[in-house]
Number of protein chains: 2
Amino acid sequence: MPQPPHDILFRTLADPTRRAIFERLCREGNQTVAALTARAGVSQPAVSKHLRVLKQAGLVRDRHQGRQTHYSAQVDALSPLIDWTKQMTGFWHGRLDALEELLDRMDQ
Amino acid sequence: MPQPPHDILFRTLADPTRRAIFERLCREGNQTVAALTARAGVSQPAVSKHLRVLKQAGLVRDRHQGRQTHYSAQVDALSPLIDWTKQMTGFWHGRLDALEELLDRMDQ
DNA sequence: TCGACCAATAACTCTCTGGTTATTGATCGG
DNA sequence: CCGATCAATAACCAGAGAGTTATTGGTCGA
């Protein structure tokens with residue numbers, strides 16, 4: 001029963017340095033490992049490990065070219081995350097006791 | 001420089017049992033600690049700890065009533081998460097090399 | 001008032017993982 | 001070819017944190 005798709009996403013994006021790498025790929029597109037390492041604040045092997053995890057989660061794609069590897073973000077992989085938040089807020093709005101919540105808040 | 005709001009959210013929701021507790025509160029509304037513990041699969045202190053973390057993140061609210069404490073979900077706290085994903089997908093769509101991505105994919 | 005109950009805290013353990021350095025495998029330039 | 005460079009892997013370490021049991025502080029019912 002483990003690992004719905006959003007579980008992997010949350011786990012993967014929970015680490016700040018790993019998330020930062022993904023963010024950079026989103027903002028600036030293709031990057032080599034060296035380029036990413038340059039501004040990651042950690043060693044090259046550390047970056048490689050993060051990229052492997054991101055790839056596992058489907059969040060990045062790699063393309064080998066000569067001796068260097070280019071990575072790029074796959075934003076589509078974020079959809080389970082979006083779906084999950086939609087579900088949660090949906091459940092909440094659907095419940096009758098949203099009113100009750102409000103009352104709770106009034107007498108704090 | 002640490003802790004943008006979405007950072008706390010990712011870290012908090014990364015743990016499956018903790019996220020399950022939050023999901024239950026979203027689906028079914030107010031719950032006492034005892035009720036949550038009953039189906040959490042972990043001990044009562046563990047549940048209390050998770051609730052504390054969720055509260056820290058603003059994801060739940062507590063209301064003391066006699067000797068029991070009722071917890072409820074605060075879905076509004078998810079908005080930094082939504083904003084973040086919007087940003088990421090936004091960056092991606094904004095980039096010129098979305099085309100490049102496509103080409104990359106063709107010669108895999 | 002006393003015993004049972006609820007939730008939070010304390011104190012500890014143990015696993016998981018993010019980091020390191022060292023090494024290997026490939027590929028490029030000269 | 002040969003040295004340099006890039007990225008991945010191996011082997012290891014240390015800190016974080018999720019879990020446990022034991023305990024405490026309140027509050028209820030009898």
Side-chain angles (χ1 to χ4, degrees), chain A residues 1-3 7-25 28-57 59-73 104 107-108, chain B residues 1-3 7-25 28-57 59-73 104 107-108:
Chain A
M1 115 150 11
Q3 331 278 77
D7 182 66
I8 294 104
L9 289 180
F10 274 120
R11 272 215 321 273
T12 302
L13 295 170
D15 182 75
T17 33
R18 184 160 51 226
R19 196 176 54 246
I21 292 175
F22 177 69
E23 288 177 10
R24 273 176 52 81
L25 289 173
E28 310 168 19
N30 279 353
Q31 303 272 335
T32 70
V33 176
L36 290 169
T37 302
R39 286 195 275 163
V42 293
S43 68
Q44 174 266 312
V47 173
S48 276
K49 265 206 260 183
H50 283 306
L51 287 168
R52 219 166 65 82
V53 176
L54 286 167
K55 187 178 168 187
Q56 230 89 300
L59 286 166
V60 300
R61 214 166 216 292
D62 57 350
R63 196 185 91 237
H64 301 284
Q65 177 176 261
R67 59 181 157 183
Q68 59 201 7
T69 313
H70 295 264
Y71 281 87
S72 57
D104 286 356
D107 55 278
Q108 51 184 352
Chain B
M1 99 163 38
Q3 333 278 77
D7 183 65
I8 294 103
L9 289 180
F10 275 119
R11 272 215 321 273
T12 303
L13 295 170
D15 182 76
T17 34
R18 184 159 53 226
R19 195 176 54 246
I21 291 174
F22 177 69
E23 288 176 9
R24 273 177 53 80
L25 288 173
E28 309 168 19
N30 279 351
Q31 303 271 335
T32 70
V33 176
L36 290 169
T37 302
R39 286 195 275 163
V42 293
S43 68
Q44 174 266 311
V47 173
S48 277
K49 265 205 260 181
H50 283 307
L51 288 168
R52 219 165 64 85
V53 176
L54 287 167
K55 187 178 169 187
Q56 231 89 302
L59 287 166
V60 300
R61 216 167 217 289
D62 58 348
R63 196 185 90 238
H64 301 283
Q65 175 176 261
R67 58 181 157 180
Q68 59 202 8
T69 312
H70 295 262
Y71 282 87
S72 56
D104 286 356
D107 55 278
Q108 49 183 351

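Protein chains get the first letters and strands the later ones, always in sequence-line order, with residue 1 at the start of each. Owing to the predicted nature of the structure, the values given are computational and were not obtained by experimental measurement.
Here the side chains of B:Leu25 and B:Gln31 are in contact, with some heavy-atom distance below 4.5 Å. The shortest distance between side-chain heavy atoms of A:Ile8 and A:Gln56 does not fall below 4.5 Å. By the 4.5 Å heavy-atom criterion applied to side chains, A:Arg63 and A:Arg61 are not counted as neighbours.
For A:Arg19, the salt bridge (Lys or Arg N to Asp or Glu O under 4.0 Å) criterion is met by A:Glu23, B:Asp7, not counting sequence neighbours.
When rounded to the nearest whole Å, the span between CG of B:Leu51 and C1' of C:dT9 equals 14 Å. Rounded to whole angstrom, the span from the OH atom of A:Tyr71 across to the P atom of D:dC6 amounts to 15 Å. Put simply, CZ on A:Arg52 is 10 Å from P on D:dA8, counting in whole angstrom units. Computed from coordinates, the B:Arg63 CZ to C:dC6 C1' distance equals 15 Å when rounded to whole Å. Atoms CD (A:Gln56) and P (D:dT9) sit 10 Å apart, rounded to a whole Å. Atom CG of B:Asp62 is separated from atom P of C:dC6 by 18 Å (rounded to the nearest Å). Regarding A:Gln65, its CD atom lies at a distance of 14 Å from the P atom of D:dA8, rounded to whole Å. Here the P atom of nucleotide C:dT27 and the CD atom of A:Gln68 are 13 Å apart, to the nearest Å.
Counting any heavy atom pair closer than 4.0 Å across all strands shown, B:Thr32 reaches sugar-phosphate atoms only and no base atom.
Each of B:Leu51, B:Thr12, B:Leu13, B:Leu59 was scored for a side-chain contact (heavy atoms from CB on, under 4.5 Å) with B:Arg18, with one residue passing: B:Thr12.
Taking every heavy atom of both residues into account, B:Ala40 and B:Thr17 meet most closely at O-CG2, 4.2 Å.
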Every protein N/O lying under 3.5 Å from an N/O of nucleotides 18-26 of chain C:
from	atom 1	to	atom 2	distance (Å)
C:dG18	OP2	A:Arg18	NH1	3.1
C:dG19	OP1	A:Thr17	OG1	3.1
C:dG19	OP2	A:His50	NE2	2.3
C:dG19	N7	A:Lys49	NZ	3.1
C:dG19	O6	A:Lys49	NZ	2.4
C:dT20	OP2	A:Ser43	N	3.0
C:dT20	OP2	A:Ser43	OG	2.7

